[in-house]
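Convention: sequence-line order gives letters A, B, ...; per-chain numbering from 1. No experiment lies behind these values; they were computed from the predicted model shown. Excluded from the calculations below are hydrogen atoms, water molecules and symmetry mates; all remaining heavy atoms, backbone and side chain alike, are included.
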Protein chains: 2
Amino acid sequence: MRQEKSGCPINLTMEVIGDRWSLVILRDIMFGNRRHFGELLENSLEGIASNILAARLKRLTDSGMITRTADSAHKQKVIYSLTEQAIELVPIMAMIGAWGRKHLAVTPELAIRAQLLEEGGPQMWEGFMEELRYLHLGHRQNDPPPSVLDQLTAAYLEVAARERKGG
Amino acid sequence: MRQEKSGCPINLTMEVIGDRWSLVILRDIMFGNRRHFGELLENSLEGIASNILAARLKRLTDSGMITRTADSAHKQKVIYSLTEQAIELVPIMAMIGAWGRKHLAVTPELAIRAQLLEEGGPQMWEGFMEELRYLHLGHRQNDPPPSVLDQLTAAYLEVAARERKGG
DNA sequence: TAAAACCACTTGCATAATACAATTGGTTTG
DNA sequence: CAAACCAATTGTATTATGCAAGTGGTTTTA
């Protein structure tokens, strides 16, 4: 299974992200700011196996969703970056998160980011995409964009702490 | 693989629709108005195998995306209907279609529906969802909703005809 | 400076999912 | 009453996934 089965937009998109891991890996790069293989492997909520992670990173690179560059500060590390194409998944990520939050048995600390993103709407998504272009594509501007990522991460940490003490 | 790996909304959603066929089958029920096993099998653009189709229909039923009812007009037929939960995928379908159309090698006659849905925006999506509630959930109202489905199908047939004669 | 830890993977092997073709038992049509 | 239809199921082959261990190199630590 790696042939194009039809030229339908939905089908072709599912040929790129329609598997158990691709979107979850992109989520970790995007919202977790994981840029190295080891970070993606160790901090994986779902416990991905290293061979599967390697295979997916290769496939995502081939399909133009991420790029692979050497880390100049650490010769054996590799930096994975989102492409513009992947950054444009942000609204879809937000809507999938909202759908999942509404219909499935999500846990509070993992749902908070989806909630904020839903409440923030297209304006927040656009801000986040600008930040990702700054972080992943090296788009430099006069002022770095205000960090939506920090905002989402702070909210997550807060809820996670509250949950741990039985809130 | 059928265990819950994490309570993250994106992960849980991918556990439901994150495979090569589920979203494509929902697309055919939704936009192609295919309600029977045979229709889904025979008219499948991507050529799904009958055992895979049967397995997916079972799984989609178990996860509350579709329902299975007997066809009173034809005892051996089964009618598959979308649930409210699946109907609420319409905006996601529209955005996935738009993303695929922008970034992947779609064919014109299969992309026209995605284009119209993108141009129509949230207002058209809501209209289409109302129509799906009418068709699949039996929501009766004073006037049946104006058919977005007919509009999309007509546009598809027009482009398909134009493409066939080498437009 | 030598040992330990880290890094991005790869390998070997078991299990599970998918693909294809043929078939099933019942129903409806001609 | 035979042929076609219907929603699957069965058998078998191929491919993907999952897990544990290992690789060759680099960086850190004692």
Atom pairs under 3.5 Å, N or O on each side, protein against nucleotides 21-23 of chain D: can you list them with distances?
none

Applying side chain to side chain contact (heavy atoms under 4.5 Å, CB included), name anything that partners [X], two or more places apart in sequence or on another chain.
X: D143(B); value: none
X: R164(A); value: A160(A), A161(A)
X: L157(A); value: T153(A)

Expressed as a whole number of angstroms, how long is the span from [X]:[atom1] to [N]:[atom2]?
X: I79(B); N: dA7(D); atom1: CD1; atom2: P; value: 10 Å
X: D19(B); N: dA19(C); atom1: CG; atom2: C1'; value: 14 Å
X: N43(A); N: dC6(C); atom1: CG; atom2: P; value: 14 Å
X: L53(A); N: dC9(C); atom1: CG; atom2: P; value: 8 Å
X: I52(B); N: dA21(C); atom1: CD1; atom2: P; value: 13 Å
X: E46(B); N: dT18(C); atom1: CD; atom2: P; value: 15 Å
X: Y80(B); N: dA7(D); atom1: OH; atom2: C1'; value: 7 Å
X: D71(A); N: dC7(C); atom1: CG; atom2: C1'; value: 11 Å

Under-3.5 Å N/O pairs linking protein and nucleotides 4-6 of chain D:
from	atom 1	to	atom 2	distance (Å)
dC5(D)	O2	Q76(B)	NE2	3.4
dC6(D)	O4'	Q76(B)	OE1	3.4
dC6(D)	O2	Q76(B)	OE1	3.2

Side chains of residues 105-118 of chain B: which donor-acceptor partners sit under 3.5 Å, not counting sequence neighbours?
from	atom 1	to	atom 2	distance (Å)
Q115(B)	NE2	E119(B)	OE2	2.9
E118(B)	OE1	R101(B)	NH2	3.2

Between [X] and [N], does any side-chain N or O lie under 4.0 Å from OP1 or OP2?
X: K58(A); N: dA8(C); value: no
X: R20(B); N: dT15(D); value: no
X: W21(B); N: dA17(C); value: no

Q) Are I48(A) and L40(A) close enough that some pair of their side-chain heavy atoms sits under 4.5 Å apart? A) no
**Q.** Positions of residues 23-34 of chain B (non-hydrogen atom under 4.0 Å from DNA chain C), listed by number
**A.** none
Q.
Once salt bridge (Lys or Arg N to Asp or Glu O under 4.0 Å) is applied, what residue pairs with a partner in residues 85-94 of chain A remain, sequence neighbours excluded?
A. E88(A)-K102(B)
Q. Which residue pairs satisfy the salt bridge (Lys or Arg N to Asp or Glu O under 4.0 Å) criterion with at least one member in residues 63-79 of chain A, sequence neighbours excluded?
A. none
Q. For the hydrophobic clusters of this structure (ILVMFWY residues joined by side-chain heavy atoms under 4.5 Å, transitively), does one cluster hold both I52(A) and M65(A)?
A. yes
Q. The side chain of N51(B) lies closest to which of these nucleotides: dA8(D), dA20(D), dG11(D)?
A. dG11(D)
Q: Not counting sequence neighbours, list each pair that qualifies as a side chain to side chain donor-acceptor pair (under 3.5 Å) and has a residue in residues 91-100 of chain A.
A: none
Q.
Going by side chain to side chain donor-acceptor pair (under 3.5 Å), name the pairs with one or both residues in residues 22-33 of chain A, residues two or more places apart or in two chains.
A. D19(A)-S22(A), R27(A)-E46(A)
**Q.** Comparing R56(A) and A73(A) on DNA chain D - which has the more 5′ nearest nucleotide
**A.** R56(A)
Q | Name of the residue among I79(A), L82(A), I25(A) meeting side chain to side chain contact (heavy atoms under 4.5 Å, CB included) with I66(A) | A | L82(A)
Q: Applying salt bridge (charged side-chain N to carboxylate O under 4.0 Å, His left out), name anything that partners E158(B), two or more places apart in sequence or on another chain.
A: R162(B)
